[in-house]
There are 2 protein chains.
Amino acid sequence: MATGRNHRPATSRSRGIPEATVARLPLYLRALTALSERSVPTVSSEELAAAAGVNSAKLRKDFSYLGSYGTRGVGYDVEYLVYQISRELGLTQDWPVVIVGIGNLGAALANYGGFASRGFRVAALIDADPSLAGKPVAGIDVQHTDALEQIIADNGVSIGVIATPAGSAQQVCDRLVAAGITSILNFAPTVLSVPEGVDVRKVDLSIELQILAFHEQRKAGEDAPEEEETAPPAAPPAAAVTKRPGPGPDGDVPAVMPA
Amino acid sequence: MATGRNHRPATSRSRGIPEATVARLPLYLRALTALSERSVPTVSSEELAAAAGVNSAKLRKDFSYLGSYGTRGVGYDVEYLVYQISRELGLTQDWPVVIVGIGNLGAALANYGGFASRGFRVAALIDADPSLAGKPVAGIDVQHTDALEQIIADNGVSIGVIATPAGSAQQVCDRLVAAGITSILNFAPTVLSVPEGVDVRKVDLSIELQILAFHEQRKAGEDAPEEEETAPPAAPPAAAVTKRPGPGPDGDVPAVMPA
DNA sequence: ATGCCTTTGTGAACGCGTGCACAAAGATGG
DNA sequence: CCATCTTTGTGCACGCGTTCACAAAGGCAT
């Protein structure tokens, strides 16, 4: 960055791109793609930042990790930048993906149009329910879990998506890892334990909603003066209390589908 | 992942609980709920941290923001902690939620069992497609977008979920906000612009996969020596180049459903 | 050429989040 | 009642990420 020009990531590529930056690259890529389709030749960091919903200084710094792809006084070449980011993210190659758990969510994912456009290809849909086997979802026949290992090996799949109930997530995860999967996108509301070298990213609707509720409550609490919740139930930190099943909660094992 | 918005120093309650901590509370709550069902009376920070997949010191510090709810030498009372966290997150009250866009994803969300258990109640399912109106999804009749404002007003809804295609997301968002919604969970792959005071959290499958691909590529790049991508297409930062539609990408407006 | 104007690239300061390490608090056993 | 052992609560330091602010770079007009 400082002196070194010729920023060609020839050797040990993409070494040291901050995680936070990596997480934003897809955002930039999306905005750039939109510009590209509108045949916009160049954009300034200011414009692009606005489109991506971030600070312009942050965007420039992010790009600086990739190299000097801008032109001072002008901005960035849209097409060129689209390619550079795509390459950096590894989207210039084909990524076969398997989706395990074809419930409501799994089906939604299978139908998701944003896959192919980004280099991701649904190699297989897998479910433990035998009655689903053979039935087409999004144009692809669902296969039984038994074939999981074979499918992964045959297609050289390295990315797996888990959309099963929480109860079977870890089990599925273990099989995926044993079969050679090294990246997992987990939609089940569970903490997955994986061996070193395997990446796991988690998407949890319930958590997102709870975070929103927190802020929502705070907003309400600002306007309204003071208001005590329901009944301050349980006991404060007392000694050992046997415990009772209590107002039977849910257990976080949604009968249908995690999200 | 999602993005927190609109920060507010808010002098009032919730003595400045760090955003990072708030994001982890649901995680702790889930682990605690599981323990509660197994009738475990107390847990140490070490055990709970392991169950939630975080560092024990971090967990203790998180809890310290809520107050001193633990007992030295013993640990935390599970039931009591469940209540405290629930209250802090605002889950002791009822949160009516509307889901807009009942495609594959919207239906999956409607069927999600983790809603009710956390104080969230699906007040209505809304879609712009007239042919869907009246049809039941997850036991709730889908209603037409026309009734959106009325529904929100009647039910006092403050949280909205957008599961529409990217193209109509902003429009839906505007109507939700105008109708009084102050928290939005957005599944559409678009940056929503909202007035101050409205929180937006985003869930984007495409982005998560791209981040996985990045790391996956890096892993592969470490083992394998050197390998050049396809053709270094476009031109480097040249002068003004008219531009051509190029290899028609996708445009990020998934025909079916965002995820 | 020369000077002006725009926009990048980045040094530096700042703030938040993380994790260590330990003293204080409390339980437990003698 | 005292000693010992366990586990919390937190002061502190460190590193990452964000943001500001500006010099350098390049285009463009004259």
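Residue numbers start from 1 in every chain, and the chains themselves are labelled A, B, ... in the order their sequence lines are given, proteins ahead of strands. The figures that follow rest on heavy atoms only: side chains count, while hydrogens, waters and symmetry mates do not.
A distance of 11.0 Å separates OG in A/Ser158 from CD1 in A/Ile184, rounded to the nearest 0.5 Å. How far CG of B/Leu205 is from CG of A/Leu185: 6.0 Å, rounded to the nearest 0.5 Å. Note that CD of B/Gln210 is 10.0 Å distant from CD of B/Glu208, once rounded to the nearest 0.5 Å. To the nearest 0.5 Å, atom CZ of residue A/Arg218 and atom CD1 of residue B/Ile17 are 8.0 Å apart.
In this structure, A/Phe63 reaches neither bases nor backbone, as no heavy-atom distance under 4.0 Å exists between it and the strands shown.
If you run ring-ring contact (aromatic ring centres under 6.0 Å, His included) between A/Tyr76 and each of A/Tyr83, A/Tyr28, A/Phe63, only A/Phe63 comes through.
Picking from C/dT10, D/dG27, C/dG26 the nucleotide with the shortest atom distance to the side chain of A/Ser64 gives C/dT10. Taking every side-chain heavy atom of A/Ala20 into account, D/dG17 is the closest of D/dG17, C/dG17, D/dG9.
Residues A/Asp62 and A/Thr21 bring a donor and an acceptor atom of their side chains to less than 3.5 Å of each other. A donor-acceptor pair shorter than 3.5 Å cannot be found between the side chains of A/Thr33 and A/Glu37.
When every heavy atom of A/Gln217 is checked against every heavy atom of B/Leu89, the shortest pair comes out as NE2-C, 3.8 Å.
The NZ-C1' distance, from A/Lys58 to D/dA21, rounds to 17 Å in whole Å. Rounded to an integer number of Å, the gap from A/Leu66 CG to C/dT8 C1' is 14 Å. For the pair B/Arg24 CZ and C/dG19 C1', the interatomic distance rounds to 11 Å; values are reported in whole Å. Distance NZ (B/Lys61) to P (C/dC16): 14 Å, rounded to an integer number of Å. With rounding to whole Å, B/Leu81 atom CG is found 11 Å from D/dT8 atom P. Rounded to a whole Å, the CD atom of B/Glu46 is 10 Å from the P atom of C/dC20. The CG-C1' distance, from A/Leu48 to C/dT6, rounds to 17 Å in whole Å. Put simply, CD1 on B/Ile17 is 15 Å from C1' on C/dG17, counting in whole angstrom units.
Phosphate contact (OP1/OP2 of D/dT7, side-chain N/O of B/Tyr69, threshold under 4.0 Å): absent. For D/dT7, neither phosphate oxygen OP1 nor OP2 lies less than 4.0 angstrom from any side-chain nitrogen or oxygen of B/Ser44. When the side-chain nitrogen and oxygen atoms of A/Tyr76 are compared with OP1 and OP2 of C/dG9, one or more of them lie within a distance under 4.0 Å.
If you find the closest nucleotide of DNA chain C to A/Ala57 and to B/Asn55, the one lying nearer the 5' end belongs to A/Ala57. Take the nearest nucleotide of DNA chain D for B/Asp62 and for A/Pro18: the residue whose nucleotide is more 5' is B/Asp62.
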Hey, what are the protein-to-nucleotides 22-25 of chain C N/O distances that come in under 3.5 Å?
unit_1	atom_1	unit_2	atom_2	d
C/dA24	N3	B/Arg72	NH1	2.8
C/dA25	O4'	B/Arg72	NE	3.3

For nucleotides 28-30 of chain D, give me every protein contact, N/O to N/O, under 3.5 Å, one pair per line with atom names.
none

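Under the 3.5 Å distance criterion, the side-chain polar atoms of A/Glu88 are left unmatched by any main-chain donor or acceptor of A/Gln84.
Counting heavy-atom neighbours within 6.0 Å of B/Gln171 CD, excluding the residue itself, gives a total of 12 or less.
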